Amino acid sequence: MNVAGTQTNQAALQARRPGAVLAALAAAQFTVMLATSIVNVALPQIRAGVGLSDGGTTWVVNAYGLAFGALLLAGGRAADLLGRRRVLIAGLALFAAASLSAGLATAPGVLINARAVQGLAAAAIAPAALALTMDQFPSGPGRGKALGVWGAVSGAGGAGGVLLGGVLTQAWGWPWIFHSVALGAAVVLAAVAALVPRAPGQKSGRFDLLGTATVTLALTCLVWSLTTARGAGWTDGRVLGALGAAATLLTVFAVIERPRPNALIPPRLFTTGQVAAGNLLMALLGSVWIALFFFLPLYQQQVLGSSPLATGAGQLPLAGANMLGAALASRISRHIGARATVTAALLTEAAGLMWLSRISAHGSYLADLLGPSILIGLGLSIAFVQLTALAVDGVPREDAGLAGGLVNTTRQVGGAVGLAALATLAGSVTAHASTHQPHLEALTAGYRTVFTVAAAVLVATALLALLLTRCTSQRTATTSTGPVSDRNPPESPESG
């Protein structure tokens with residue numbers, strides 16, 4: 001049998017098992033999200049084991065997020081030009097190697113650099129996996145189910161990271177949080193290589209090195225300034241200088257990209273669908289999402305006195321609600337319309353955060369956290385599915401990787417902005433309350449303020465979603481299944 005015939009038979013075999021293909025691609029996304037949160041509950045043990053300073057401990061988290069957020073656009077465009085499957089496999093291999101290096105680290109510099117390389121690899125994995133998912137599932141109910149799975153694993157990865165981090169740290173020690181991620185990445189790599197079909201070809205064109213370098217440096221300055229502001233304060237000279245550099249570089253990027261035929265972010269990306277609206281709303285959702293998984297474990301450990309294992313187990317109801325919401329997102333959208341669905345989801349999450357704003361210094365998990373966690377998990381997952389679909393809706397197939405990189409970038413950068421602002425706010429409130437309240441009461445006051453402000457942000461996001469999606473809210477259920485096709489999507493009756 002000739003090579004062409006063999007490839008045809010392989011493609012036909014793979015086409016008959018879309019569930020297995022989706023599982024492999026979703027597992028890649030789960031791995032990326034897991035690595036974002038798995039270190040959170042183990043930071044005290046990591047600090048003692050490697051000899052980190054206070055600043056170094058912060059950079060165990062920041063190095064991953066900085067590289068991930070800054071390089072997502074480059075990763076998405078590389079996937080479009082070099083081949084999505086190829087970039088995904090290379091990213092998974094690098095991710096596994098970096099994770100293994102982090103687990104073996106005995107010096108602070110080695111660990112922090114390994115985390116940065118993890119972030120670089122994740123920036124290749126996330127957009128390539130999302131674009132491949134869009135390739136495999138055309139518009140319709142199948143796309144909706146696929147994005148539901150995508151939303152479920154994205155949210156479950158964040159919550160599962162806290163749980164797995166607590167279990168592994170308490171059972172075998174902090175290095176195993178990295179060894180487990182390395183093993184998982186290797187398994188996912190094998191699954192992707194075996195199950196995900198080769199694409200018929202990638203887009204021809206040159207990589208925009210100048211634009212990529214400019215925007216990557218701009219995003220690096222922006223994310224660095226925001227993460228540093230948490231500890232140094234907003235008036236620190238380094239923070240202000242990095243913010244100024246980011247603004248200047250983004251302006252330069254906008255100027256040099258406009259006339260370039262091979263621009264990193266071509267104008268056509270925003271001429272169909274609601275890419276701009278989806279990304280803006282995702283940035284606002286991300287500002288709350290990432291902060292939630294930062295502050296909730298802190299409250300459980302610092303105020304309620306929970307162990308790492310108990311803290312991780314406390315994320316299970318949130319993860320379960322997240323998976324349920326993601327599974328129901330497409331069905332809900334078909335019944336009430338995408339516009340109403342995303343608005344209701346954001347308001348549901350806001351209600352959960354407002355409930356959290358009533359936490360007590362002498363509370364308990366059952367009384368203070370269980371109910372809000374379920375509401376937040378449901379709202380977060382449904383909103384994530386809808387906004388991901390909105391951000392890739394109508395994008396030409398050749399730009400699908402870039403669209404996936406862009407929506408991940410806005411979520412990461414939004415998360416960095418939100419976490420920096422909310423951490424500063426929590427610290428200020430706690431410092432003021434400490435002058436006249438016991439320590440635990442002061443800590444709780446800071447967390448209550450954070451959850452209140454986060455709820456207000458989501459209410460504003462829901463109102464903005466109503467405004468931005470008014471003109472095209474009728475894309476029926478395909479808005480929840482956002483088509484990324486070779487051509488512009490066909491017109492369809494509007495609903496919602």
Side-chain angles (χ1 to χ4, degrees), residues 29 32-33 36 64-77 79 119 122-131 134 147 150-151 154-155 158 211-212 214-216 218-227 246-247 249-250 253-254 257 264-267 269-270 273-293 342 345-346 349 380 383-395 399-422 454 457-458 460-462 464-465 468-469 482 484:
Q29 173 71 1
V32 168
M33 297 304 298
T36 304
Y64 180 87
L66 176 60
F68 187 29
L71 293 167
L72 273 163
L73 288 176
R77 185 41 104 203
I125 294 169
L130 179 58
M134 298 301 96
L147 281 178
W150 197 261
S154 297
T212 299
T214 303
V215 77
T216 298
L219 290 172
T220 299
C221 291
L222 177 60
V223 177
W224 183 90
S225 65
L226 294 169
T227 53
L249 287 165
L250 287 172
F253 175 73
E257 286 291 282
L264 178 65
I265 306 180
L269 191 64
F270 301 100
Q274 295 202 74
V275 174
N279 278 276
L280 174 59
L281 296 171
M282 183 63 87
L284 292 170
L285 177 64
S287 70
V288 172
W289 180 351
I290 294 177
L292 172 71
F293 286 108
V342 71
L346 291 167
E349 187 180 355
L380 172 61
F384 175 76
V385 170
Q386 295 293 305
L387 295 181
T388 300
L390 195 66
V392 299
D393 182 27
V395 174
D399 294 324
L402 176 60
L406 184 60
V407 71
N408 276 285
T409 299
T410 55
R411 181 174 57 80
Q412 283 295 118
V413 172
V417 173
L419 183 54
L422 292 174
V457 169
L458 286 180
T461 305
L464 189 61
L468 293 179
T469 60
V484 179

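Quick caveat: nothing in here was measured; it's all calculated off a predicted structure.
The shortest non-hydrogen separation linking Ala277 to Leu390 is C-CD2, 4.3 Å. Here the shortest heavy-atom pairing between Thr220 and Ala70 reads OG1-CB, 3.3 Å. Of all heavy-atom pairs spanning Val457 and Ser287, the tightest one is CG1-OG, 4.0 Å. In plain terms, the two heavy atoms of Ala128 and Ala79 that are nearest each other are CB-CB, 4.0 Å. When all heavy atoms of Leu72 and Gln412 are compared, the pair lying nearest together is CD1-CG, 4.0 Å. Closest of all the heavy-atom pairs between Val275 and Ala391 is CG2-O, 3.6 Å.
For Phe68, the ring-ring contact (aromatic ring centres under 6.0 Å, His included) partners two or more places apart in sequence, or in a different chain, are Tyr64. Listed by chain and residue number, Thr461, Leu464 satisfy the side-chain contact (heavy atoms from CB on, under 4.5 Å) test with Leu284 (two or more places apart in sequence, or in another chain). Looking at residues two or more places apart in sequence or on another chain, you find a side chain to side chain donor-acceptor pair (under 3.5 Å) between Gln29 and Ser154. Partners of Ala124 according to the side-chain contact (heavy atoms from CB on, under 4.5 Å) rule, which considers only residues two or more places apart in sequence or in another chain, are Val87. Residues passing the side-chain contact (heavy atoms from CB on, under 4.5 Å) test with Ala283 are Thr410, sequence neighbours excluded. The side-chain contact (heavy atoms from CB on, under 4.5 Å) test applied to Leu249 returns Thr214, Leu217, Ala218, Cys221, not counting sequence neighbours.
Taking CE from Met282 and CH2 from Trp289, the interatomic distance works out to 6.5 Å, rounded to the nearest 0.5 Å. The CG atom of Asn408 lies 9.5 Å from the CG atom of Asn279; values are rounded to the nearest 0.5 Å. Of the inter-residue distances, the one linking Ile125 atom CD1 with Met33 atom CE reads 12.5 Å to the nearest 0.5 angstrom. Note: Leu387 CG to Leu280 CG = 10.0 Å, rounded to the nearest 0.5 Å.
Under the 4.5 Å side-chain criterion, counting only non-hydrogen atoms from C-beta, Leu285 is in contact with Leu380. Taking the side chain as every heavy atom from C-beta outward, Leu130 and Thr388 approach each other to under 4.5 Å. By the 4.5 Å heavy-atom criterion applied to side chains, Leu73 and Thr216 are not counted as neighbours.
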